[in-house]
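Remarks on the structure that follows.
One-based numbering along the sequence shown.
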Amino acid sequence: MFGWFGGAGRERMAENFESFGYRNGRAMATLAGVTELTAGAGLVTGTTVWRLLRDEQK
């Protein structure tokens, strides 16, 4: 989303959002990127907590 790992970057994503009909493509691209990062962090945190709790029960 932000151009990491060879991605298109925020500006190109903003252009895509604007072509979809969104008025402020840059804000939508930023929101989408933050959402992806937050979801990834939640997934990692949830998996780690689950594994720690599972290992305590053994």
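Listed by chain and number, the residues in a side-chain contact (heavy atoms from CB on, under 4.5 Å) with V49 are T45, L53 (sequence neighbours excluded). By the side-chain contact (heavy atoms from CB on, under 4.5 Å) test, T38 pairs with V34, sequence neighbours left out.
Residue pairs meeting the ring-ring contact (aromatic ring centres under 6.0 Å, His included) criterion with at least one member in residues 22-58, sequence neighbours excluded, are F17-Y22. Judged as a salt bridge (charged side-chain N to carboxylate O under 4.0 Å, His left out), the pairs with a partner in residues 18-31 (not counting sequence neighbours) are, in order, E11-R26. Residue pairs meeting the salt bridge (charged side-chain N to carboxylate O under 4.0 Å, His left out) criterion with at least one member in residues 38-49, sequence neighbours excluded, do not occur.
For the residue pair A14 and A29, the shortest heavy atom distance occurs at N-CB, 3.8 Å. The two residues N16 and S19 come nearest to each other via the heavy atoms O-OG, 2.7 Å.
If you chain together ILVMFWY residues whose side-chain heavy atoms come under 4.5 Å of each other, V44 ends up in a group of its own.
Linking ILVMFWY residues whenever their side-chain heavy atoms come closer than 4.5 Å, directly or via other members, leaves L43 and L37 in distinct clusters.
One distance of note links CD of E36 with CG of L31; it measures 10.5 Å at 0.5 Å rounding.
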